[in-house]
Amino acid sequence: MLAAFTGYEVISKVPVILHTPLMSGSNFVHGIVLVGTMVALGHAETTAQMWVGFIAVILAAGNAVGGYVVTERMLEMFKSSKGAK
């Protein structure tokens, strides 16, 4: 609860122009989580551990890819809308 409150307070005070670099930084953390889930899956011994590890890898990969998709969309908003002449 304290982490959620602190995170909200910190992010709410960040200027809009800095949100994209923050998203890129959080994507880096998601990548580390993905590597951690793959390592945990590699050390799984029972079928239940393998299933949980597999689901963790799928969720972590989806989280990382989704973060990059959102960052790309945010960067598109900053591109110039000038057409080809």
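In this text the structure is predicted, and so the values were computed from the model without any measurement.
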* Closest non-hydrogen atom pair, L41 against V57 ->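 So the two residues come closest at CD2-CG2, 4.0 Å.
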
* To do: Determine the minimum heavy-atom distance between A60 and T37, stating which atoms define it.
  =>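 Reported closest heavy-atom pair: CB-OG1, 4.0 Å.
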
* Return yes when atom CD of E45 has more than 12 non-hydrogen atoms of other residues, nucleotides or ligands closer than 6.0 Å, and no otherwise. =>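 Counting other residues, nucleotides and ligands, CD of E45 stays at 12 neighbours or fewer.
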
* Asked: Is N63 close to V33 at the side-chain level, that is, under 4.5 Å between some pair of heavy atoms?
  ->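 No - every pair of side-chain heavy atoms lies 4.5 Å or more apart.
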
* To do: Could you tell me whether the side chain of Q49 and the main chain of T46 form a donor-acceptor pair under 3.5 Å?
  =>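 Yes; at least one donor-acceptor contact below 3.5 Å.
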
